[in-house]
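Written below as structure tokens is the structure these notes are about.
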There are 2 protein chains.
Amino acid sequence: MNSTIKVVIVDDHPLIIEGLQILFSNSEIITITDSYSSASEFFARDSFDAIDLVLLDVFLPDMNGIDVCIEIKKAQPHIKVLAMSSQAERSIILQMIRNGASGYLLKSAGLAEFKYCIENALNGKIVFSDEVSNLVNQITSNDLQNIPRLTKREKEITILMKQGKSTQQIADILFLSYLTVQTHRRNLLNKFKVKNGVELINYAINNGLI
Amino acid sequence: MNSTIKVVIVDDHPLIIEGLQILFSNSEIITITDSYSSASEFFARDSFDAIDLVLLDVFLPDMNGIDVCIEIKKAQPHIKVLAMSSQAERSIILQMIRNGASGYLLKSAGLAEFKYCIENALNGKIVFSDEVSNLVNQITSNDLQNIPRLTKREKEITILMKQGKSTQQIADILFLSYLTVQTHRRNLLNKFKVKNGVELINYAINNGLI
DNA sequence: TAAAAAATACCTGATTACAGGTAGCTTATA
DNA sequence: TATAAGCTACCTGTAATCAGGTATTTTTTA
């Protein structure tokens, strides 16, 4: 029986993958078994049984890390997910943890932190790299309220709004009725309790929704 | 005589440093001679003569990459500077190049891109990793002219707009006439050649104006 | 497969933003 | 001290957004 921890990496930065592989190449506890540069590549795996933990980049080219985390935990609850990012954004950290992630690491974390966090995540702990810990400690009840998520259509429309497109232009681009886009816009404003498009975009950017 | 290219890394991500060192460990052309995790560590070197190129992270804990680049090029013009970042922000790319950097690489770039860019930067070329190239190619005459800067009043109003405040609310907050705020809004849209407030805010954020 | 969520579409009225022009006053700066 | 740049303010008309309600169809999920 093999008792090493089997870790896969999902990150679109080849350098990070290289670095992690070197880091754990001599480890008898942790083995990097595979690495993927996109979410879809990862999900295309044949089997997920032999995975103990996923080191997951928060910003991937095809999906955002929160959605990836949700999908992994839904389909393979035995897999621990450790989020990695270059920046520590409170809202993203919170959403990750809320959706089942075992922790959040900054890529600027030291090598020892990586090892420590992976091992402790496997033991069921919620782990953060040092800088993130400080942020997490500052979290108030205010931050704990759920941030509504965007549906596929809503995301499309939000991105077009961000580009300065008008309701009519968005309708033309997405082949929808002007009235449908109007409805989506209204739903978005209600959903996030904002008063206009400018505030909506600002909120969406700050919370990593687009 | 030694003809290898001597490269130093300035980056606060240990993983990236590891990755780059591995990447070039077998190279006969490129040698990583040193690495630093902050700008001040780098500037504390005894001598800069033996450096051909600096791989410079744009976001460092103590200084921003643009200022580091300016200092390097001022004190040691013979050193080529290659900027590295996780994100491709047009305004930062432009400012880097304007201040003497030889190129801009995304950390998500492939290993081959890193090699290619370092070698060509040494030959005096301006180099970009693939994704960045696309962005740079999109730079139109619109972007090449200097980005207009915000006046004090305009900045106040832009920030309030970002918060979702209406023209009337902004007028109340700043003790101005509704009509005055209207004029400022119009000037802002003209100045940045955008069509509406959403686009304005997006532009301002992307270009570090607010 | 039934229930819930998402996407689609329409109507109406009120509010706000956008676009054009004009102009006096203040504050830097050449 | 000119001259430019910035700030202030007004008028008018058009276009777009916001806010309320309703409702059918499709897709997802329990």
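In what follows, every heavy atom counts, from backbone to side chain, and hydrogens, waters and symmetry copies are set aside. Here is the naming used below: chain letters follow the sequence lines, and residue numbers restart at 1 for every chain. Source: prediction; values computed, not measured.
Partners of Arg45(B) by side-chain hydrogen bond (donor to acceptor under 3.5 Å, both in side chains), not counting sequence neighbours, listed by chain and number: Asp34(B), Tyr36(B). Checked against side-chain hydrogen bond (donor to acceptor under 3.5 Å, both in side chains), Ser37(A) has the following partners two or more places apart in sequence or in another chain: Glu41(A). For Asp12(A), the side-chain contact (heavy atoms from CB on, under 4.5 Å) partners are Asp57(A), Leu60(A), Pro61(A), Ser108(B), not counting sequence neighbours.
Protein atom CD of Gln169(A) is 9 Å distant from nucleotide atom P of dA16(D), rounded to whole Å. As a whole-Å value, the separation of Lys195(A) NZ from dA17(C) P is 11 Å. Rounded to whole Å, the distance from CD on Glu199(A) to P on dT16(C) is 14 Å. Atom pair Lys193(A):NZ and dC18(D):P shows a separation of 17 Å (rounding to whole Å applied). Atoms CG (Leu179(B)) and P (dC10(D)) sit 5 Å apart, rounded to a whole Å. Between Leu176(B) atom CG and dT26(C) atom P the separation is 15 Å, expressed in whole Å. For Lys191(A) and dA7(C), the NZ to P distance is 8 Å, given to the nearest whole Å. Rounded to an integer number of Å, the gap from Leu188(B) CG to dT8(D) P is 13 Å.
End-to-end axis angle of the helix from dT1(C)-dA30(D) to dA30(C)-dT1(D), using five pairs per end and rounding to 10°, comes to 70°.
Between dT8(D) and His184(B), a contact under 4.0 Å exists linking OP1 or OP2 to a side-chain N or O. Residue Thr151(A) places no side-chain N or O under 4.0 Å from the OP1 or OP2 atom of dA5(C). Note on Thr180(B): a side-chain N or O is less than 4.0 Å away from OP1 or OP2 of dA9(D).
When heavy atoms are screened at a 4.0 angstrom cut-off, Asn187(A) is found touching no nucleic acid atom at all.
With distances taken from any side-chain atom of Ser177(A) to the nucleotides dA9(D), dA19(C), dC10(C), the minimum falls on dC10(C).
Taking the centre of each ring, Tyr203(A) and Phe192(A) come in below the 6.0 Å mark.
Distance check: Lys125(A) NZ to Glu119(A) CD gives 11.0 Å after rounding to the nearest 0.5 Å.
Under the 30°/60° scheme for interplanar angles, the aromatic rings of Phe43(B) and Phe48(B) are found to be tilted.
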Val10(B) and Leu55(B): CA distance, side-chain angles, deciding distance, side-chain contact (heavy atoms from CB on, under 4.5 Å) verdict: CA-CA 6 Å; Val10(B) 185; Leu55(B) 270 176; over 6 Å; no

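The side-chain contact (heavy atoms from CB on, under 4.5 Å) test with Phe42(A) singles out one residue from Asp62(A), Leu56(A), Ile51(A), and that residue is Ile51(A).
Scanning residues 153-168 of chain A for heavy-atom distances under 4.0 Å to DNA chain D yields Ser166(A), Thr167(A).
Contact check for His13(B) versus Leu106(A): no side-chain heavy atoms found under the 4.5 Å cut-off. Side-chain contact between Asp52(B) and Lys80(B): absent, with no pair of heavy atoms (C-beta onward) separated by less than 4.5 Å.
Salt bridge Lys74(B)/Glu71(B): absent, no basic N to carboxylate O contact under 4.0 Å. Using a 4.0 Å cut-off between a side-chain N of Lys or Arg and a carboxylate O of Asp or Glu, Arg149(B) and Glu154(B) do not qualify as a salt bridge.
If Leu174(A) and Val198(B) are placed on DNA chain C by their nearest nucleotide, the residue sitting closer to the 5' end is Leu174(A).
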For nucleotides 20-29 of chain D, 5' to 3', base contacts (B), sugar-phosphate-only contacts (S) and non-contacts (-) with protein non-hydrogen atoms under 4.0 Å give BB--------

